[in-house]
Amino acid sequence: MSEDNTPTELSAFAAALSQTPLEYAQNSVIRVGYGRGFLAQTVDGPVIITCAHCLPHMPPAIGSVMRPHERTYFRLVGALGAKPTITVECLFVDPVADVAVLGEPDGQFYDEAEAYCAFVEERQGLPIAAEQNAALPGVQRGGAWLTLEGEWVHHSLEVGVRCVCTSEKNAARGMSGSPIILDTVRKTVVGVVASGSVHPRLVTALPAWLLRKLVLR
């Protein structure tokens, strides 16, 4: 730990040491609209990864003249079980892969940006699973996701190049955007809950510019 760490960071680090891996992972799961998302750690600080269909509407295409408020979602994010109060900016969205990335709102929304920073500072970001042998065809891996009741359900995963298939098919309404944990010891996230038993694999769904910044394991 650096001598420059703030009291909040030191407290979070101490709390993390006393948690089990899945308790640690649960701290990163948040509410996004009527679904969920989770915090992923980057070299620049945490971002929120969720499903594209958890957004209330799609932002304009990047090729158009886009003003900050057009890619900003007011009061979309909050703690699990709480009313959304946090404003975010859409950094990336792919409606085909069903993945979206949210971050700190533009500086012109000063109060909202301050609230966002305070919200994410209280939570830990999770690393993304990037191991090359995760996508071996026919190979079953162990995984887990968080139910609406706050319990981790363990099940088998088959990781493909673009998607993750789960043996557990009963993802309840409201679980969309929840992280699918591949390694319950290292807390690596391989995908996000979308629908049914087929879900997007993050390391192939996310853009290259973000993958260069994300913490990968």
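Note that the coordinates shown come from a computational prediction; the quantities given were computed from them, not determined experimentally.
Just one residue in the list Val47, Val29, Leu126, Val120 forms a side-chain contact (heavy atoms from CB on, under 4.5 Å) with Leu39, and that residue is Val120.
In this structure, the separation between OG on Ser178 and CD on Gln26 is 10.5 Å, given to the nearest 0.5 Å. Summarising the geometry, atom OG1 belonging to Thr87 is positioned 11.5 Å from atom CD belonging to Glu104; distances are rounded to the nearest 0.5 Å. A distance of 8.0 Å separates CZ in Arg75 from NZ in Lys83, rounded to the nearest 0.5 Å. With values rounded to the nearest 0.5 angstrom, Arg123 atom CZ is found 7.0 Å from Ile30 atom CD1. Taking CG of Asp98 as the start and SG of Cys54 as the end, the distance is 7.5 Å to the nearest 0.5 Å. Note that the OG1 atom of Thr85 and the CG atom of Leu76 stand 10.5 Å from one another [nearest 0.5 Å].
Proximity of Pro84 to Val77: side-chain heavy atoms (C-beta onward) are nowhere separated by under 4.5 Å. Using a 4.5 Å heavy-atom cutoff, the side chains of Leu91 and Leu102 are not in contact. Counting heavy atoms from C-beta outward, Arg36 and Leu148 have side chains that approach closer than 4.5 Å. Between Ser176 and His53, some side-chain heavy-atom pair lies under the 4.5 Å cut-off. A heavy-atom distance below 4.5 Å is found between the side chains of Leu202 and Val192. You'll find the side chain of Cys163 stays beyond 4.5 Å of the side chain of Arg201, heavy atoms only. Between Thr147 and Glu168 the shortest side-chain heavy-atom distance does not fall below 4.5 Å.
Taking each heavy atom of Cys51 and Ala194 in turn, the nearest pair found is SG-CA, 4.0 Å. Shown here for Phe119 and Ala79, the closest heavy-atom pair between the two residues is CE1-N, 3.7 Å. Nearest approach of Pro179 to Phe38, heavy atoms of both residues: CB-CD2, 3.7 Å. Contact between Ala115 and Ile86 at its shortest, heavy atoms only, is O-CD1, 3.8 Å. The shortest heavy-atom contact between Arg162 and Thr204 is CA-OG1, 3.6 Å. Closest approach of Val88 to Pro105, counting heavy atoms only: CA-CD, 4.3 Å.
Side chain of Glu89 to main chain of Asp106: a donor-acceptor pair is present (N/O by atom type, distance under 3.5 Å, no hydrogens or angles). Formation of a donor-acceptor pair under 3.5 Å by the Thr166 side chain with backbone atoms of Leu157 is not found in this model. The backbone N or O of Ser156 sits less than 3.5 Å from a side-chain atom of Ser167, completing a donor-acceptor pair. Listed for the Trp145 side chain is no donor-acceptor partner under 3.5 Å among the backbone atoms of Val193.
Atom CZ of Phe74 has more than 12 neighbouring heavy atoms from other residues, nucleotides or ligands inside a 6.0 Å radius.
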After noting the C-alpha distance and the side-chain angles of Ile49 and Leu206, does the key distance pass the side-chain contact (heavy atoms from CB on, under 4.5 Å) rule? CA-CA 9 Å; Ile49 298 178; Leu206 294 172; 4.0 Å; yes
Give the C-alpha distance, both sets of side-chain angles, the deciding distance and a yes or no for side-chain contact (heavy atoms from CB on, under 4.5 Å) between Thr188 and Ile181. CA-CA 6 Å; Thr188 53; Ile181 306 294; 5.6 Å; no
For Leu146 and Leu22, run side-chain contact (heavy atoms from CB on, under 4.5 Å): C-alpha distance rounded to whole Å, both residues' side-chain angles, the deciding distance at 0.1 Å, then the answer. CA-CA 9 Å; Leu146 187 67; Leu22 288 180; over 6 Å; no
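Under the 4.5 Å side-chain contact rule for hydrophobic residues, Leu210 and Val189 share a cluster. Hydrophobic clustering, with ILVMFWY side chains joined whenever heavy atoms are under 4.5 angstrom apart, groups Phe92 together with Ile128. Under the 4.5 Å side-chain heavy-atom criterion for ILVMFWY residues, a single connected hydrophobic cluster contains both Trp152 and Leu80. Grouping the Ile, Leu, Val, Met, Phe, Trp and Tyr side chains by contacts below 4.5 angstrom, directly or via other members, places Val96 apart from Val101. Side-chain heavy atoms closer than 4.5 Å link hydrophobic residues (I, L, V, M, F, W, Y) into clusters, and following such links, possibly through other members, connects Met175 to Val153.
In this structure, the ring of Tyr116 has its center no less than 6.0 angstrom from the ring center of Phe109. Taking the centre of each ring, His57 and Tyr73 come in below the 6.0 Å mark.
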